[in-house]
S.K.: 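First the structure, which I've put down as structure tokens, then a few questions once you've had a look.
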Number of protein chains: 2
Amino acid sequence: MAASDNLLVKGCRNCQQQSTCFNILIPEELDFISQHKEQIIFQKGENICKQGAFANYVMYVAEGLVKTYLETANEKTINLRIVKDSEFVGFSSLCGTKNYNYSAVSLTRSIVCLLDNESFKQLLMKNGQFSVEIMRLYCRNEEHIYKKLKSIGYKYMLGRLADTLLYLCNPGFDAYDIFKYINRKDIADFSCISKESTIKLLTDLSLNNMIKLNGPRIEILDKPGIQNLSIKG
Amino acid sequence: MAASDNLLVKGCRNCQQQSTCFNILIPEELDFISQHKEQIIFQKGENICKQGAFANYVMYVAEGLVKTYLETANEKTINLRIVKDSEFVGFSSLCGTKNYNYSAVSLTRSIVCLLDNESFKQLLMKNGQFSVEIMRLYCRNEEHIYKKLKSIGYKYMLGRLADTLLYLCNPGFDAYDIFKYINRKDIADFSCISKESTIKLLTDLSLNNMIKLNGPRIEILDKPGIQNLSIKG
DNA sequence: TGCATTATGTGATATTAGTCACAATAAAAC
DNA sequence: GTTTTATTGTGACTAATATCACATAATGCA
């Protein structure tokens with residue numbers, strides 16, 4: 001159960017938004033994390049971490065939706081993923097360089113736990129099973145990025161947009177009204193194509209009855225068709 | 001000291017090509033790995049792992065050069081990195097899906113230790129410090145991929161090629177004659193641009209005295225200039 | 001509710017990059 | 001050393017995508 005306004009969940013033991021990897025921890029270990037975390041409310045549009053800033057925390061999204069993205073030198077944005085509650089942000093800096101590799105912005109009002117890096121590492125050293133679970137998250141994220149690299153590296157616009165639609169419309173997001181929080185430029189930035197091209201292709205797909213446009217919302221009508229576009233690139 | 005032909009290093013304790021993270025292990029732990037590894041010689045051109053194949057091993061390059069790459073649906077190749085001796089290949093499948101996320105091919109005759117995944121994971125669970133060291137490798141790799149994603153996502157060809165040249169000519173490769181083992185298409189595939197465009201741009205850079213072409217070898221003459229091209233994209 | 005601001009959407013044009021065909025050069029095989 | 005094969009390199013042409021300018025629609029604020 002999420003906290004009501006200004007009333008935060010007190011301790012990790014009682015948190016009902018626990019990531020499954022926390023299940024491995026014994027209560028004392030959860031208490032240890034509690035003592036080394038800060039729980040903060042971020043409003044929609046606020047950054048919860050900034051690329052290049054010192055990375056002192058791993059962030060755990062207790063409630064809300066967060067978008068992670070890369071900022072490029074020529075002022076472009078590459079959207080990486082939408083993080084939902086019970087998921088982490090900022091692992092890539094846990095044992096790496098001292099700076100965040102990407103930025104994250106809150107798409108809704110969000111409750112985020114900032115977990116101190118040093119304490120978190122101590123826990124990882126103590127609990128091998130827990131650290132292997134965290135590695136699982138690294139591996140999943142790496143898979144995700146490779147998929148994105150393949151898409152952006154060598155697919156034409158339509159294939160990339162198909163990938164983005166399949167991602168944004170996947171069942172994992174069913175409980176959220178994702179499109180309420182992202183605009184056409186956001187969608188474009190998942191695919192590294194321009195906003196205008198994105199809108200043109202969305203219109204084409206709509207005219208071909210492969211998707212349905214309803215204001216900001218997008219519904220896939222012909223999933224095999226979209227999957228085929230994704231494959232063909 | 002590397003093994004002579006057909007005479008492999010017997011055990012991990014005596015290996016002189018150890019990665020620094022192995023230093024954390026006590027001799028018994030090194031013996032444990034020895035008992036669960038196979039050391040194999042790969043000839044130039046041979047695959048040491050294949051994208052999509054079952055991932056049973058983490059691979060440790062004791063000696064030689066290995067290229068890792070993504071294979072895309074439309075028969076394109078995205079080169080990820082060149083792995084030199086004392087480095088690992090195949091971590092992204094250690095705790096993830098059961099398949100290798102990318103392929104790797106030996107650029108030289110290479111000695112590779114195949115470390116059984118399950119045994120490796122047991123060791124990670126037992127030695128927290130070791131697992132944090134391995135996480136460091138995950139973090140470094142993730143940084144590398146994000147950098148590549150930014151390059152390919154939004155830089156023009158020249159900026160991407162500059163990134164590739166900076167990567168291939170970095171001091172870490174000084175001891176190797178890298179360009180002896182990779183051709184123009186390989187270089188192109190680091191940047192996701194066509195072989196013809198790559199050759200044209202290399203010729204332009206040569207005419208501008210920013211690089212020197214000497215057969216397959218490329219030498220950067222104007223490093224700040226190339227860095228500037230990389231930044232400007 | 002009305003106004004100002006932002007987002008969406010469109011069509012024409014410009015820019016960037018890939019492809020094609022093939023000549024020249026280098027490397028490998030005999 | 002010669003022949004065959006592979007790679008490099010070139011120029012013309014084609015394809016893919018971005019940009020631009022602006023009209024229309026939606027959202028936010030007072």
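Protein chains get the first letters and strands the later ones, always in sequence-line order, with residue 1 at the start of each. Keep in mind that what you see is a predicted model, and the values were worked out from it rather than measured.
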S.K.: Measure from NZ or CZ of A:Lys150 to the centre of the six-membered ring of A:Tyr146, then state whether that distance is under 6.0 Å and the direction lies within 45° of the axis.
M.R.: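 The answer is no, since A:Lys150 fails at least one limit relative to A:Tyr146.
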
S.K.: Is there a donor-acceptor contact under 3.5 Å linking the side chains of A:Tyr69 and A:Gln51?
M.R.: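 No, A:Gln51 and A:Tyr69 have no side-chain donor paired with an acceptor closer than 3.5 Å.
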
S.K.: Would you say the base of C:dT19 and the side-chain of B:Lys200 have a donor-acceptor pair closer than 3.5 Å?
M.R.: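 Side chain to base: pair present.
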
S.K.: Rounding to an integer number of Å, can you tell me how far A:Glu196 CD sits from D:dA16 C1'?
M.R.: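 It works out to 15 Å between those atoms.
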
S.K.: Distance check: side-chain N/O of B:Ser197 vs OP1/OP2 of C:dG18, anything under 4.0 Å?
M.R.: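 So the side-chain polar atoms of B:Ser197 do come within 4.0 Å of the phosphate oxygens OP1 or OP2 of C:dG18, strictly under.
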
S.K.: A:Asn183 versus A:Pro216: any side-chain heavy-atom pair under 4.5 Å?
M.R.: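 Contact flag for A:Asn183/A:Pro216 side chains = no.
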
S.K.: Report the residue (A:Lys76 or A:Pro216) whose heavy-atom-nearest nucleotide on DNA chain D is the more 5′ of the two.
M.R.: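 Whichever sits nearer the 5' end wins; that is A:Lys76.
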
S.K.: Kindly state whether the ring of B:Phe54 and the ring of B:Tyr100 have centres lying under 6.0 angstrom apart.
M.R.: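 Judged by ring-centre distance (under 6.0 Å), B:Phe54 and B:Tyr100 do not meet the cut-off.
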
S.K.: Take atom CZ of B:Arg184 and atom P of D:dT10, then tell me their distance rounded to the nearest Å.
M.R.: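 Spelled out: CZ on B:Arg184 to P on D:dT10 is 11 Å.
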
S.K.: B:Ile199 side chain: which of D:dG9, C:dG18, D:dA16 is closest?
M.R.: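 The answer is D:dG9, which lies nearest to the side chain.
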
S.K.: Look at the side chain of A:Thr203 and decide which nucleotide, out of C:dG18, D:dT8, C:dT10, has an atom nearest to it.
M.R.: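 Among C:dG18, D:dT8, C:dT10, the one nearest the side chain of A:Thr203 is C:dT10.
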
S.K.: Toward the 5' end of DNA chain C, which comes first, A:Tyr156 or A:Leu202, by nearest nucleotide?
M.R.: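 Its nearest nucleotide being more 5', the pick is A:Leu202.
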
S.K.: To the nearest Å, give me how far apart NZ (B:Lys180) and P (C:dA27) are.
M.R.: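 Rounded to whole Å, this separation is 12 Å.
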
S.K.: Grab the NZ-P distance between A:Lys185 and D:dA18 for me, whole Å please.
M.R.: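 Distance, rounded to whole Å: 12 Å.
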
S.K.: Provide, to the nearest angstrom, the distance between the CG atom belonging to B:Asn214 and the P atom belonging to D:dT8.
M.R.: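 Spelled out: CG on B:Asn214 to P on D:dT8 is 14 Å.
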
S.K.: Measure CG/A:Asp189 against P/C:dT8 and give the value in whole Å, please.
M.R.: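 For the pair A:Asp189 CG and C:dT8 P, the rounded distance is 12 Å.
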
S.K.: Cut-off 3.5 Å, side chains only: do B:Asn214 and B:Glu219 have a donor facing an acceptor?
M.R.: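 No donor-acceptor contact under 3.5 Å links the two side chains.
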
S.K.: How many Å lie between NZ on A:Lys195 and C1' on D:dA21, as a whole number?
M.R.: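 That distance rounds to 11 Å.
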
S.K.: Kindly point out which of D:dA18, C:dT8, D:dT7 is positioned nearest to the side chain of B:Asn183?
M.R.: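 Minimum distance to the B:Asn183 side chain belongs to D:dT7.
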
S.K.: Could you give the OH-to-C1' distance, from B:Tyr154 to D:dT19, as a whole number of Å?
M.R.: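 Spelled out: OH on B:Tyr154 to C1' on D:dT19 is 13 Å.
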
S.K.: Confirm from the modelled atom types if B:Lys155 and C:dT16 form a donor-acceptor pair under 3.5 Å, side chain to base only.
M.R.: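 Answer is no: no donor-acceptor pair is held.
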
